[in-house]
Amino acid sequence: IWRSRDFGKSWEHLTRGLPSGEQFGRISLAFAPSDPDVIYALAANRAGHVLGVFRSTNGGNVWRKILNGARHRHERQMFYNNTLAVHPRRPDCMIWGGMHLFRTDDAGHSWRRITSDKRGKRDYVHSDHHALLWPEDELIISGNDGGVAVSRDGGRRWRDSSQGMVSTIFYNIAAAPS
């Protein structure tokens, strides 16, 4: 993780409390809207599994691991689905997503899975989360491979909001030389 304090003229490598750079694959970052010194990093390892969730309370100077990726071996392809969001008013409350969504309300001391992959359940959300928005206390929006899911109660119940939406993902494209 790198930081610039002069609009990109110079860069500082942030390492205190983080694993060595060779261990990292994709990383997503999220700042707490209510306290910009609180930053979360969701890191994948090079194999696409969860390396961990890290938290800084001083703008990135020092990080602390708040989630051990070994506990989430079932979360894979983190090079593809990897997102997080912080509560708009509570900096100790955040959600991270890979195949499923996980929430902490106490800065990572405890975690709970807030989505299910069983259709028909109140917490069902399509897998592979790519974008999370948390604009209001209880309103959470997930952009995922199935479209858009919305929770209006902090992640206890979800509703698919993709009706009428036409979307696609391009994985590859090629052009004929002619």
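All values derive from a computational prediction rather than experimental measurement.
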**Request:** Just jot down the side chain to side chain contact (heavy atoms under 4.5 Å, CB included) partners of Gln23, sequence neighbours excluded, or say none.
**Result:** Pro19, Ser20, Leu51
**Shortest non-hydrogen separation from Ile39 to Gly60 and the atoms involved** = CD1-N, 3.8 Å
**Request:** State whether the number of non-hydrogen atoms from other residues, nucleotides or ligands found under 6.0 Å of Arg16 atom CZ is greater than 12.
**Result:** no
**Asked** Do other residues, nucleotides or ligands put more than 12 heavy atoms under 6.0 Å from the CZ atom of Arg76?
**Response** no
**Asked** Taking a hydrophobic cluster as the set of Ile, Leu, Val, Met, Phe, Trp and Tyr residues connected by side-chain heavy atoms closer than 4.5 Å, whether directly or through intermediates, do Leu14 and Phe54 fall within one such cluster?
**Response** yes
**Asked** Of Leu42, Val38, Val53, Leu132, which is the lone residue that meets side-chain contact (heavy atoms from CB on, under 4.5 Å) with Met94?
**Response** Val53
**Asked** For Ser34 and Pro91, which heavy atoms make the closest approach, and how far apart are they?
**Response** OG-CD, 3.3 Å
**Asked** Does a sphere of radius 6.0 Å around CZ in Arg113 hold more than 12 heavy atoms from other residues, nucleotides or ligands, not counting ones at 6.0 Å or beyond?
**Response** yes
**Request:** Please identify each residue that fulfils side chain to side chain contact (heavy atoms under 4.5 Å, CB included) with Ser10, with sequence neighbours left out.
**Result:** Asp6
**Item:** Partners meeting side-chain hydrogen bond (donor to acceptor under 3.5 Å, both in side chains) with Gln77 (sequence neighbours left out)
**Value:** Asn81, Asp128
**Asked** Considering residues at least two apart in sequence or located in another chain, which fulfil the ring-ring contact (aromatic ring centres under 6.0 Å, His included) criterion with Tyr80?
**Response** His130
**Request:** Using a 4.5 Å cut-off on heavy atoms from C-beta on, say whether the side chain of Val86 contacts that of Pro33.
**Result:** yes
**Message:** Starting from Leu84, can I reach Trp134 by hopping between I/L/V/M/F/W/Y residues whose side chains sit under 4.5 Å apart?
**Reply:** no
**Item:** Shared hydrophobic cluster for Tyr40 and Met78 (ILVMFWY, side-chain gaps under 4.5 Å)
**Value:** yes
**Fill in**
What one should report as the nearest heavy-atom pair of Asn144 and Ser142 is ND2-OG, 3.3 Å
**Request:** Please name all residues satisfying salt bridge (Lys or Arg N to Asp or Glu O under 4.0 Å) with Arg3, sequence neighbours left out, ordered by chain then number.
**Result:** Glu12
**Asked** Are Val150 and Ile140 connected in the hydrophobic side-chain network, where two residues link if heavy atoms are under 4.5 Å apart?
**Response** no
**Nearest non-hydrogen partners of Val62 and Ser56, listed with the distance** = O-OG, 3.0 Å
**Set of side chain to side chain contact (heavy atoms under 4.5 Å, CB included) partners for His74, sequence neighbours left out** = His72, His100, Phe102
**Partner residues of Ser116 under the side chain to side chain contact (heavy atoms under 4.5 Å, CB included) criterion, sequence neighbours left out** = Lys118, Lys121, Asp123
**Prompt:** Any idea which heavy atoms bring Ile66 and Ala107 closest together, and the distance?
**Reply:** CG2-O, 3.5 Å
**Complete:** d(Arg122 CZ, Trp158 CH2) to nearest 0.5 Å is 12.5 Å
**Item:** Donor-acceptor under 3.5 Å (Ser162 side chain, Val148 main chain)
**Value:** yes
**Item:** Residue pairs passing the side chain to side chain donor-acceptor pair (under 3.5 Å) test where at least one lies in residues 82-99, sequence neighbours excluded
**Value:** Ser28-Asn82, Arg55-Asp92, His87-Asp137, Arg89-Asp137
**Request:** Please list, chain by chain and in numerical order, all residues satisfying ring-ring contact (aromatic ring centres under 6.0 Å, His included) with His109, sequence neighbours excluded.
**Result:** none
**Asked** Would a hydrophobic clustering, with Ile, Leu, Val, Met, Phe, Trp and Tyr connected at side-chain separations under 4.5 Å, put Ile95 with Val50?
**Response** no
**Asked** Please, which pairs that meet side chain to side chain donor-acceptor pair (under 3.5 Å) have at least one residue in residues 41-54, sequence neighbours excluded?
**Response** none
**Request:** Search all heavy atoms of Ser127 against all heavy atoms of Asp117 and return the closest pair with its distance.
**Result:** OG-CB, 4.4 Å
**Request:** For Arg112, enumerate each residue passing the salt bridge (Lys or Arg N to Asp or Glu O under 4.0 Å) test, keeping only those at least two apart in sequence or located in another chain.
**Result:** Asp105
**Prompt:** Which residue pairs pass the salt bridge (charged side-chain N to carboxylate O under 4.0 Å, His left out) test with at least one member in residues 147-172, sequence neighbours excluded?
**Reply:** Glu138-Arg156, Asp153-Arg157
